Amino acid sequence: MAETAENRDLSADELLTPDTHYAPEITVTRRLGGASNLWGGRCVPCDPIDFQARPWLDLPAWPVTKADLDPYLGPACAALGAGEPVFSDPVPSLTLCDDAFDTDRLERWSDTPRAQVLHRDRLETDPRVMIATGVSVTGMDHNAAGKVTALRVWMNKATGHVPVRQVVLAAGGNASTRLLLNVQAETPALFGGPDGPLGRYYMGHVNGQIADIIMTDEALHDALDFYVDGHGSYVRRRITPTDATQKAHRLANVAFWPVVPEIAQAAHRSGPLSSVFLGLGLPGLGSRLIAAPIRLKHMGPKPWRRGPHLRNLMRDPIKTATFVPWFLWHRRYARHRIPGFFLKNPGRRYGLEFHSEHLPSPDSRMTLSKARDHTGLRRLRIDFRFATRDVESVLKAHIALERWLEETGLARLEYRFAPADRAAGVLFEARHGNHQEGTVRMAHTPQEGVVDGWGTCFDLTNLHVVSTAILPTSSQANPTLTALQLGLRLADRLVQNSVSVAHREAADA
């Protein structure tokens, strides 16, 4: 089922910071499968250091531990179609004399990112599953005992109430936050009150490129491409600082990897890269290949100059003719779906992508607009900010990486910005809104967050949230895998509690 114009309008929120955040209506989608229809498929678990207190960043420990989530890593990978939970693979023939950075950590990629496609059989045949499309939840009735008693719903211009015993809110980061803010508007004391944590600490990631990496070590160069590892999906290695390096340099968590030259710049003179640029610019095809925010990142702003790219195709016809069908086959039809394109070049020169933790700040937040959508819900007002310490951490991480690469003889960096301009370069590159973390944050107490370590609301104890929005910090990792681990853990608890209640009722009878 495709997203309708009417549904898309429900996500047309007010954006105060268009320079740092993508348009809200392209970062969410209201259709079967939700945001998995936009998801690239990258699966990365949070690191052990993410769960721990990090005093150099003034960050407390999470209210859930890595050991709590570890049993759900395998099931989460399986549920996402990402193979087995293998996230490390040493680089063959590479021996490091300095262990300040790690080259062994993997990201896995889903073979079928769209959840409704991956789980079609279950959705169609399981009698316990009911799918209701075209229905919007617009509010919650709750009692003095702190329980949600009914959901208010809107459908076909009519409203109604659905009685509930337990509620699991899994509407995505923005929509979950928006609904709870609307509930709070009716009962201001909920969720810490108007000055409390709900809607605050909005995080994504600080990402982009401010330097190129020129590989001198052949083993590392050859090891940083996509490959199928024998455990059920494509994987790719990342370059990451160890915990000791993060502590020593007072860094936020961060990962690096090489990327192809900017495809929008025809000066790369590559027919295959120009064919990708032209393909992403075709109406219909481009949106089917990658999600809109990633597409915009690669394409750059309009107007697009296609002429130089067409000349690249004519200059490099053989490579182009073989690359295009190969890529489309492996992207759309092969058993294992290749997640992206990475073309090696003889000069071993690539852009160096950084993907850094966006540190939580109460000033980066969502509030409610005065405007309402056609269901009556007030829209979001998004104020998404990067802070000075986010930028400083990225710059320090580059300096540490540059020193390590030189000492190990693996590679060297060439910056795209002069030293005085690098901070501005980080901010120029950084734009997010895809990951939607922190606005319904989990915490140890209701003064610090909205939900506990299980994802259960402090104020409404039968209301549970499964969303990237509950993550208290953003890690270097994309949040989807961790959110699913938390959801599976919560599901186990709800089932166990339900069984216990059934046994007590049977005994009382």
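Since this is a predicted model, take the numbers as computed values, not measurements. The basis for the numbers below is simple: all heavy atoms, side chains too, and nothing from hydrogens, waters or symmetry mates.
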Taking all atoms of both residues into account, what is the closest heavy-atom pair of [X] and [Y], and its distance?
X: L352; Y: L413; answer: CD2-CD2, 3.7 Å
X: L343; Y: P272; answer: CD1-CB, 3.6 Å
X: L471; Y: P479; answer: CD1-CB, 3.6 Å

With the threshold set at 4.0 Å, does a side-chain nitrogen-carboxylate oxygen contact exist between [X] and [Y]?
X: K344; Y: D222; answer: yes
X: R236; Y: E107; answer: no
X: D212; Y: R349; answer: yes
X: R238; Y: E353; answer: no

Please check if atom [atom1] in [X] has more than 12 non-hydrogen atoms from other residues, nucleotides or ligands closer than 6.0 Å.
X: D363; atom1: CG; answer: yes
X: R389; atom1: CZ; answer: yes
X: E406; atom1: CD; answer: yes

Throw together a table of side-chain donor-acceptor distances under 3.5 angstrom for residues 70-77, partners on residues two or more places apart or in other chains.
unit_1 : atom_1 : unit_2 : atom_2 : d
D70    : OD1    : K66    : NZ     : 3.1
D70    : OD2    : K66    : NZ     : 3.1
Y72    : OH     : D492   : OD2    : 2.9

Determine, using ring centers only, whether [Y] and [X] are less than 6.0 Å apart.
X: F342; Y: Y350; value: yes
X: F354; Y: H205; value: no
X: Y202; Y: H358; value: no
X: W109; Y: H336; value: no
X: F386; Y: H432; value: no

Identify every side-chain donor-acceptor pair in residues 81-98 under 3.5 Å, counting partners at least two apart or on other chains, and give the distances.
unit_1 : atom_1 : unit_2 : atom_2 : d
D89    : OD2    : Y227   : OH     : 2.6
D89    : OD2    : R237   : NH2    : 3.1
D98    : OD1    : A100   : N      : 2.9

If you define the side chain from C-beta out and look only at heavy atoms, does anything of [X] sit under 4.5 Å from [Y]?
X: P446; Y: F191; answer: no
X: V391; Y: V206; answer: no
X: L490; Y: V465; answer: no
X: T20; Y: R431; answer: no
X: L395; Y: I210; answer: yes

CA sep, side-chain torsions, deciding dist, call: N174, D13, side-chain hydrogen bond (donor to acceptor under 3.5 Å, both in side chains): CA-CA 10 Å; N174 284 11; D13 295 313; 4.9 Å; no
Ring-face cation of R412 near W404 (centre distance under 6.0 Å, axis angle within 45°): no
Face-on cation placement of R441 at Y201 ring, 6.0 Å and 45° thresholds: yes
Test item: side-chain donor near acceptor, N207 and E429, under 3.5 Å: no
Side-chain polar contacts of residues 320-327 - donor-acceptor pairs under 3.5 angstrom, sequence neighbours left out - could you list them?
unit_1 : atom_1 : unit_2 : atom_2 : d
T320   : OG1    : D316   : O      : 2.7
T322   : OG1    : I318   : O      : 3.1
T322   : OG1    : K319   : O      : 3.0
W326   : NE1    : H330   : ND1    : 3.4

Separation between CG of L57 and CZ of R54, rounded to the nearest 0.5 Å: 5.5 Å
Derivation and outcome, side-chain hydrogen bond (donor to acceptor under 3.5 Å, both in side chains), residues S364 and S361: CA-CA 6 Å; S364 182; S361 167; over 6 Å; no
